[in-house]
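Letters A, B, ... mirror the listed sequences (proteins, then strands); counts begin at 1.
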Amino acid sequence: DTAVSQTPKYLVTQMGNDKSIKCEQNLGHDTMYWYKQDSKKFLKIMFSYNNKELIINETVPNRFSPKSPDKAHLNLHINSLELGDSAVYFCASSQVTSGTDTQYFGPGTRLTVL
Amino acid sequence: GNSVTQMEGPVTLSEEAFLTINCTYTATGYPSLFWYVQYPGEGLQLLLKATKADDKGSNKGFEATYRKETTSFHLEKGSVQVSDSAVYFCALFSGTYKYIFGTGTRLKVLA
């Protein structure tokens, strides 16, 4: 069973379009995250949700809107896509409150904006 | 604020060579420290961790010791293999729902 899954794995789209990336975790974790990884492999946190509540929003343009319908899901919607949004987006989860603070990452979604 | 600094890559080694990837951190309190590995085309996965000073994390022949006096968590392996070629990330977590990752170090091991 995949612990953290993301769909789609690849996403190619035109500038100005709106797209969504879905993330699901079956680990029973309370906290979920979205990261952006650029072409130089630099990993930047975008959002963190704990029990469906937004905890961290790291100066991300408001074109990016996360949504957490329940603890197991954290989706990322992006409006008016720009060339600079091209990157690999990773979802992750952890159980911070238990002291087991290891993050588990999904396989990533490679977004290419043309 | 908290930060992680790791050596820039790429690091290129011959098979069976000794590996060290340096990582130092700045943090208040007593963070947990991690090394994550990212193989080509995959997400990050935990390699090892340490949660308090002088702890040694180890996995798959890799080791790192939590050194509070030098605020370091250097990754070492005695004999690397081609299959160890990946990007390695040092990270810390201080309990505020935010992990701080280093910039990553690409390792290439040649046969």
Side-chain angles (χ1 to χ4, degrees), chain A residues 2-7 9-10 21 23 25 27 29-60 68 74 87-110, chain B residues 1-11 21 23 25 27 29-52 55 57-59 64 66 73 85-108:
Chain A
T2 302
V4 182
S5 59
Q6 295 178 228
T7 54
K9 188 167 176 62
Y10 299 97
I21 306 172
C23 177
Q25 55 95 2
L27 298 167
H29 289 164
D30 286 343
T31 308
M32 297 185 72
Y33 309 79
W34 277 110
Y35 289 88
K36 179 180 180 181
Q37 186 175 50
D38 63 22
S39 58
K40 295 184 178 179
K41 299 298 185 182
F42 183 69
L43 201 64
K44 178 184 175 183
I45 189 166
M46 301 173 69
F47 302 103
S48 172
Y49 269 73
N50 177 256
N51 283 319
K52 303 192 299 176
E53 289 191 23
L54 181 64
I55 301 294
I56 294 172
N57 182 344
E58 287 284 304
T59 59
V60 177
S68 183
L74 180 62
V88 181
Y89 292 83
F90 287 101
C91 178
S93 73
S94 68
Q95 185 65 20
V96 171
T97 52
S98 76
T100 305
D101 41 16
T102 301
Q103 280 199 315
Y104 293 82
F105 283 79
T109 296
R110 181 174 295 277
Chain B
N2 296 345
S3 67
V4 173
T5 303
Q6 63 181 103
M7 62 189 287
E8 286 195 27
V11 174
I21 300 178
C23 172
Y25 69 91
Y30 301 92
S32 295
L33 300 174
F34 305 82
W35 277 101
Y36 283 84
V37 59
Q38 184 180 26
Y39 298 104
E42 298 183 10
L44 280 72
Q45 53 185 278
L46 178 69
L47 180 59
L48 52 85
K49 67 185 274 189
T51 57
K52 61 182 187 296
D55 267 3
S58 61
N59 186 25
Y66 190 142
F73 194 55
S85 298
V87 181
Y88 292 82
F89 292 89
C90 185
L92 73 81
F93 176 73
S94 58
T96 56
Y97 298 100
K98 185 175 177 179
Y99 291 73
I100 307 295
F101 284 86
T103 51
T105 302
R106 185 183 299 275
L107 170 65
K108 185 173 183 180

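- Other residues, nucleotides and ligands contribute over 12 non-hydrogen atoms within 6.0 Å of the NZ atom of Lys9(A).
- Ranked by heavy-atom pairs under 4.5 Å with chain A, the list Gln45(B), Gln38(B), Arg106(B) is led by Gln38(B).
- The 12-atom threshold is exceeded at CD of Glu42(B), counting heavy atoms of other residues, nucleotides or ligands nearer than 6.0 Å.
- Residue contact with chain B, scored on non-hydrogen atoms closer than 4.5 Å, is absent for Lys44(A).
- Judged by distance alone, the side chain of Tyr36(B) and the main-chain N or O of Gln103(A) form a donor-acceptor pair under 3.5 Å.
- In terms of the side chain to side chain donor-acceptor pair (under 3.5 Å) criterion, Ser48(A) has no residue partners (sequence neighbours excluded).
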Could you walk me through whether Thr102(A) and Phe34(B) pass the side-chain contact (heavy atoms from CB on, under 4.5 Å) test, one step at a time? CA-CA 8 Å; Thr102(A) 301; Phe34(B) 305 82; 4.0 Å; yes
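- Counting heavy atoms of neighbouring residues, nucleotides and ligands inside a 6.0 Å radius, atom OH of Tyr30(B) does not exceed 12 of them.
- To the nearest 0.5 Å, atoms CG (Leu46(B)) and OH (Tyr104(A)) are separated by 7.0 Å.
- Summarising the geometry, atom OH belonging to Tyr99(B) is positioned 7.0 Å from atom OH belonging to Tyr35(A); distances are rounded to the nearest 0.5 Å.
- Rounding to the nearest 0.5 Å gives a distance of 10.0 Å between CD of Gln37(A) and CZ of Phe101(B).
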